[in-house]
Structure formats: C-alpha cells, structure tokens
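All figures in this text were calculated on a predicted structure; none of them were measured in a lab. Quick note: numbers below take in every heavy atom, side chains included, and nothing from hydrogens, waters or symmetry partners.
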Amino acid sequence: MTGRTDVIGTVAGPGDGPNEFVFVAPADRTIKTGEFITYSVPVEDETRSVFARVTNRELIRGLPEGFLADPEVAPDTVAATLGVPTDDTELYRLTATVIGYYDTNMTAFANPRQLPDPGTQLSIAPDPQLETVLPNLGCKTDRVDVTELDGVAHIGWLLNRAEEATNIHLPIEEFVSTHLAILAETGSGKSYTASVLIEEMMRPSSRASLLVFDPHGEYGTLGEMQGHEAFQGDDGYQPDIVYYNPDRLRVRISELELGDVMAILDNPSNRMQERLSTAWRSMQNEESQTWGIDDLIHEMEQIYGADDSSVGALEWRLRRSIQRNDLFHPEENVPLDQIVDPGQCTVLQMDTLDKRDQQLITTVLVRRLYRERLNDVRGRSSDVDHPVFALFEEGHRYAPASGDAPSLGIMRTIASEGRKFGFGLGIISQRPSKIDPDVLSQCGTQISMKIRNPNDQDAIKKSVEAAGEDVTRELPGLTPGQAIVSGDAMNTPALIQVRSRLTEHGAESRPVIDDWHEAYEKKQREPSQSEAADFGGGDSTGVQSLD
C-alpha cells in the first residue's frame with residue numbers, strides 16, 4: 001500500500017471497545033464523524049476490504065495556545081512572526097468502529113474479528129461500493145448498479161459526502177414486511193420523509209397498495225403524482241391517489257366489538273356492561289349484519305324489560321355517543337376493495353374528527369383489513385388479495401404507551417403477526433416515548449431524525465435494536481432533513497440527507513406573521529362596534545355583552 005494517494009490516515013492502535021480502533025490523520029484530510037472508511041486484511045486466503053465508521057474526532061496537535069491569546073491577531077500571523085512553520089501543524093486522533101467486510105454469500109457484513117494492525121493505512125470507502133453494501137439489498141456482489149434494481153426506494157444520500165455522491169436506496173420489501181418507524185421532533189421532517197417513501201413506493205417499479213391515516217391533513221399534495229412523468233410506466237401505469245374525507249368515512253355499527261363500545265360509553269357501570277354484553281352477543285348471532293342502535297335497545301328491552309333502569313341509562317348513552325355521531329351507521333361501511341388496491345395510495349383525511357373517532361375508525365378498518373389478509377393467506381375468500389402497507393401519522397395516537405386507545409390491541413397484533421399475512425405498518429411520531437414499546441420494538445427499520453428530549457432518545461435506545469450509543473448521540477445535532485437510517489433495511493446505520501420531494505410538501509408551518517397582518521387588515525376594513533351601533537348593529541356603550 002506504500003505510495004497510495006488515497007490514504008487518509010494510519011492506524012495507531014486499538015480503541016476502548018472490542019470493535020474500536022484509533023487512527024491519526026492530518027488536518028488536510030477532513031474526516032467527519034459518521035464517515036465510512038476502509039482497509040484491507042487477509043480473510044481465508046483472500047484479501048477483503050473491511051469497512052469501519054468514524055465515531056469520534058479530536059485534535060491532538062495544533063498551534064500552541066499562546067498563539068491564540070489575542071483574538072484580533074490570526075494564529076498564522078503569530079507563527080510567521082516567530083518563524084514557526086504552520087504546514088502540517090494540526091494532527092487529529094479519530095476513533096472508528098469496525099463494521100466488517102461484505103460477505104457476498106451472506107449478502108451482509110461479516111465481522112473479521114480482528115482489528116487492523118498499527119501502521120495499517122486507511123482510505124475513504126468508495127461511493128459505488130457503499131451504495132451497494134450499506135442497504136440490505138441482498139446483492140450477490142458489491143459491483144451492482146443499484147439504480148437498475150426494482151423495488152428500491154431512493155431516500156437520499158450519505159450526509160458526509162457531496163450531494164448525491166453516495167445515494168441510499170432502501171429495499172421496499174424489507175421495510176414493508178418488517179414494519180417501519182419514522183421518529184422525529186416537530187419540524188424535523190418526519191412527514192416529509194414519509195412522503196418521499198410514498199413517492200418511491202408508488203413508482204412503476206413497485207406499484208404499492210398504500211393506506212395513509214392522516215389526522216392533520218398533511219398529505220393532501222400527494223395527488224400531484226398523477227400525471228407526473230416520474231410516475232408513468234411504459235405500460236400506461238400511473239398511480240391512483242384517492243382521498244377519503246370525514247364525510248366518506250363510515251363504521252358499520254355491527255363491525256364494532258364490545259370493547260370498542262365500552263370505550264365509547266366511557267366506563268359504564270358493571271350492571272350496564274352486563275346488559276350491553278348480553279344484548280350485543282345476541283345481535284351478533286343474528287344473520288343480518290345491518291342492525292343499529294334501535295335494534296340493540298329493542299333487544300335489551302326484550303331481555304330485561306323496558307322499565308329496567310340500566311337499559312334506560314344505556315339507551316341515553318348509546319343514542320348520544322353512537323346514534324348521533326355521523327361516523328357510525330347501521331348499514332354503510334368503508335368498502336375495503338375501494339380503499340386498497342395495487343398502484344393506489346388512499347389517504348384517510350381525519351382532521352375534523354376528534355381523537356376518539358380517529359382511533360375508532362382506525363380500529364375497525366385495520367381489524368377488517370387484517371381479517372381479509374388472514375383469509376387470503378389461508379385460502380379463503382377475501383376482498384383484499386394482495387399485501388397492504390399502512391402508514392400512521394401521529395402513531396402514538398393509535399398505539400399509545402398509556403394503553404388507553406381502543407386501537408392498541410389490533411396495532412399490537414399487526415406489529416407482531418402482520419408480516420406472515422402481508423400486512424405492514426409504518427409508525428410516524430414526534431414522541432417515541434409515547435408509543436407502546438411492544439409496537440415500537442417490532443418496527444424493524446427505523447428512520448430517526450432530530451430528537452432532543454432525553455425520554456424520547458431513551459425510548460429509541462431501548463426499543464430500536466440497531467440504535468447504539470453512537471447513533472443516539474447524533475440525534476440532538478441533526479438539522480431538518482437529516483436522518484439516521486438503521487435496522488432491517490440497512491446492513492449498518494447510516495447518516496443521510498433526505499432527498500427533495502417530487503410533489504409539494506403539505507405540512508409546512510403556518511405563516512404566522514402573514515396571517516397576523518391579514519387578520520389586522522381585515523379588522524381595519526370592518527366597521528368598529530361604535531360605528532355598527534350607529535346603524536343599530538351593536539351595543540351603543542361600546543362594551544361587548546357576554547350574555
């Protein structure tokens with residue numbers, strides 16, 4: 001290796017950890033933490049390129065501190081005055097963690113179980129090689145053009161390299177089947193990143209069946225994919241983007257389970273629960289599945305009598321909470337075969353529904369989808385005969401660590417068993433510590449963005465297997481659009497810059513100053529209260545009545 005021009009440092013010796021080593025590099029070799037480097041070692045009579053990730057950087061030699069005493073005089077000027085040479089003055093000590101060499105038989109990294117010897121020369125890992133071996137693409141060689149592979153999602157590029165120098169393509173099948181978590185504090189780009197993945201999944205090479213639970217109306221611009229040349233297939237394919245606003249969302253009452261109703265009624269007494277459960281089971285045994293609250297009340301009166309006080313109290317609660325809520329209907333239901341289909345992304349816009357109704361529509365829909373996927377895999381008749389991937393914005397609403405959501409049970413079931421039945425889920429949240437740990441730990445691929453809250457960092461560390469100390473240490477310093485991708489879709493965690501969307505982003509912050517100006521000008525154009533009073537339109541005293 002003597003005489004190599006791409007050498008960036010020399011191994012000094014082992015580090016503190018069993019897979020760590022330290023190396024020395026001059027200042028002109030700018031190497032940032034998170035950078036990937038490589039060196040060669042013999043493994044089984046073959047020379048292997050071993051990869052390592054830089055985890056720390058510190059100055060070990062520089063200009064004397066006295067040269068820095070006067071902030072108005074540059075240190076180089078002091079050095080020149082004293083005749084001290086400044087060339088190659090600075091020297092850095094860096095720590096790196098061995099990842100391993102890419103084993104083409106295992107299509108993953110293998111640990112050589114030996115650290116590089118002191119004096120070993122190190123190089124920056126080549127861009128094309130990293131593009132192939134960092135994501136878990138299952139390639140049988142590290143000489144593959146990743147852009148020619150089907151079923152991959154171009155999410156961005158390595159942050160420590162030039163823009164688009166080392167592009168990262170995630171295997172869609174991997175993060176869909178083993179579930180996905182996108183975790184970031186507000187304003188860090190989690191919804192933006194989710195939309196990038198949605199764009200990739202709706203390309204002709206994937207044609208996914210996607211369902212997006214959107215509690216804040218943040219995904220309204222995905223429709224721009226229709227007609228966009230980037231999403232056109234040679235066979236005429238283009239993605240179908242379907243929106244369901246609250247007026248189109250319905251839950252057939254008979255699709256509710258007893259536990260759902262108990263949650264809606266807010267802790268009914270034991271006597272009420274006994275009467276309701278008896279009548280509910282009786283109605284579920286009926287051949288007709290299109291019954292409503294009137295039928296349920298009639299059934300309770302038949303069993304317990306019309307004068308029963310608990311039946312009367314239940315009637316009042318049922319009519320107030322269910323019958324008067326437009327979300328629930330005796331006959332209508334969201335048709336599953338219309339909301340999920342290959343090449344279709346359906347966005348359920350729930351921004352005008354309250355939190356409990358959002359949880360209930362999610363509970364029933366996910367339960368129905370799971371039942372249909374289970375039927376299909378087991379060879380029974382099914383309305384959903386293809387895999388489905390569901391993304392849950394504000395995922396802590398549907399799978400809360402507090403356990404107080406009716407949707408939690410089915411979310412846990414999908415997280416633990418969905419892979420077997422072709423039902424994947426993606427959790428998007430700004431509060432990892434608020435997500436049920438059983439659900440979060442089942443998300444095999446994680447995209448972690450800026451998170452400063454210690455409780456949320458700790459939740460990631462506990463629930464995300466690939467999130468080691470060096471990964472979580474980076475989280476507070478990330479800026480919007482930067483992320484650490486780890487887990488099943490990656491052979492090793494990597495720090496990336498998320499690419500720009502092809503569609504407009506629909507979750508930007510409100511332009512507060514502009515809104516204030518507009519509201520002020522509108523108020524100035526309207527007649528004042530005293531002016532309105534002159535025309536008989538207000539209180540002549542100028543004081544607004546609060547009655």
Set of side-chain contact (heavy atoms from CB on, under 4.5 Å) partners for Gln482, sequence neighbours left out:
Leu159, Leu478, Thr479, Gln497

Side-chain atoms of residues 230-240: list all donor-acceptor pairs with protein atoms under 3.5 Å, sequence neighbours left out, distances to 0.1 Å.
from   : atom 1 : to     : atom 2 : distance (Å)
Gln232 : NE2    : His228 : O      : 3.1
Gln232 : NE2    : Gln238 : OE1    : 3.3
Asp235 : OD1    : Arg207 : NH2    : 3.1
Asp235 : OD1    : Tyr237 : N      : 3.1
Asp235 : OD2    : Arg207 : NH1    : 3.0
Asp235 : OD2    : Arg207 : NH2    : 3.1
Tyr237 : OH     : Met202 : O      : 2.8
Gln238 : OE1    : Gly227 : N      : 3.0

Does any pair with a residue in residues 188-206 pass salt bridge (Lys or Arg N to Asp or Glu O under 4.0 Å), and if so which ones, sequence neighbours excluded?
Glu199-Arg499, Glu199-Arg501, Glu200-Arg203, Glu200-Arg499

Do Val54 and Thr95 come close enough that some side-chain heavy atom pair is under 4.5 Å?
no

Show every ring-ring contact (aromatic ring centres under 6.0 Å, His included) that has at least one partner inside residues 159-182, sequence neighbours left out.
His154-His169

Regarding Ser416 and Gln442, do their side chains bring together a donor and an acceptor under 3.5 Å, going by distance alone?
no

Hey, mind stepping through Gln358 and Arg397 against side-chain hydrogen bond (donor to acceptor under 3.5 Å, both in side chains) and telling me if it holds?
CA-CA 9 Å; Gln358 291 178 0; Arg397 290 192 176 201; 2.5 Å; yes

Suppose the criterion is salt bridge (Lys or Arg N to Asp or Glu O under 4.0 Å): which pairs have a residue in residues 33-43, not counting sequence neighbours?
Glu35-Arg161

If we check side chain to side chain contact (heavy atoms under 4.5 Å, CB included) with Met490, which of these qualifies: Ile484, Leu137, Ile168?
Ile168

Does atom CD (Glu58) have a neighbourhood of more than 12 heavy atoms from anything else shown, all under 6.0 Å?
yes

Can you run down the ring-ring contact (aromatic ring centres under 6.0 Å, His included) pairs that involve residues 477-502, sequence neighbours left out, and say none if there aren't any?
none

Of Leu391, Ile172, Ile182, the one forming a side chain to side chain contact (heavy atoms under 4.5 Å, CB included) with Leu197 is Ile182

Any chance you could lay out the side-chain hydrogen bond (donor to acceptor under 3.5 Å, both in side chains) test for Thr492 and Arg53, step after step, and finish with the verdict?
CA-CA 9 Å; Thr492 187; Arg53 183 174 58 248; 3.0 Å; yes

Do Ser191 and Glu393 have side chains that approach each other closer than 4.5 Å (heavy atoms only, starting at C-beta)?
yes

My understanding is that only residues two or more places apart in sequence, or in another chain, count here; which of them pass side chain to side chain donor-acceptor pair (under 3.5 Å) with Asp458?
Lys462

Residues in ring-ring contact (aromatic ring centres under 6.0 Å, His included) contact with Phe392, at least two apart in sequence or another chain
Phe213, Tyr398

Validation row: Thr178, Arg419 side chains within 4.5 angstrom (heavy atoms)
yes

Those residues that, when tested against Glu372, pass side chain to side chain donor-acceptor pair (under 3.5 Å) (two or more places apart):
Ser382

Please evaluate residues Val7 and Leu122 with respect to the criterion side chain to side chain contact (heavy atoms under 4.5 Å, CB included), reporting the C-alpha separation (whole Å), side-chain torsions for both, the decisive distance (0.1 Å), and the verdict.
CA-CA 6 Å; Val7 173; Leu122 306 167; 5.9 Å; no

Indicate every side-chain donor-acceptor pair of residues 109-118 with a distance under 3.5 Å to a residue at least two apart or in another chain.
from   : atom 1 : to     : atom 2 : distance (Å)
Asn111 : OD1    : Arg113 : N      : 2.8
Asn111 : ND2    : Asn19  : OD1    : 3.4

Quick check against the 3.5 Å criterion: does Ser205 have a side-chain atom that pairs as donor or acceptor with the backbone of Asp150?
no

Could you give all pairs that pass the salt bridge (Lys or Arg N to Asp or Glu O under 4.0 Å) test and reach residues 128-137, with sequence neighbours left out?
none

Glu417 CD: over 12 foreign heavy atoms closer than 6.0 Å
yes

Pairs satisfying ring-ring contact (aromatic ring centres under 6.0 Å, His included), at least one member in residues 403-423, at least two apart
Tyr370-Phe421

Please assess Gln446 against Ser486 for the test side-chain hydrogen bond (donor to acceptor under 3.5 Å, both in side chains), listing each intermediate value before the final yes or no.
CA-CA 5 Å; Gln446 305 82 32; Ser486 57; 3.2 Å; yes

To the closest 0.5 Å, what do you measure between CZ (Arg368) and CD1 (Ile410)?
12.5 Å

Test log, rule side-chain hydrogen bond (donor to acceptor under 3.5 Å, both in side chains), inputs Arg431 and Ser433
CA-CA 5 Å; Arg431 294 304 311 273; Ser433 61; 3.3 Å; yes

Is the gap between the ring centers of Phe23 and Tyr92 under 6.0 Å?
no

Walk me through whether Thr346 and Leu210 qualify under side chain to side chain contact (heavy atoms under 4.5 Å, CB included).
CA-CA 6 Å; Thr346 300; Leu210 284 178; over 6 Å; no

Asp436 (side chain) donor-acceptor with Arg412 (main chain) under 3.5 angstrom
no

Quick check on Asp145: does its CG atom have over 12 non-hydrogen neighbours (other residues, nucleotides or ligands) under 6.0 Å away?
yes

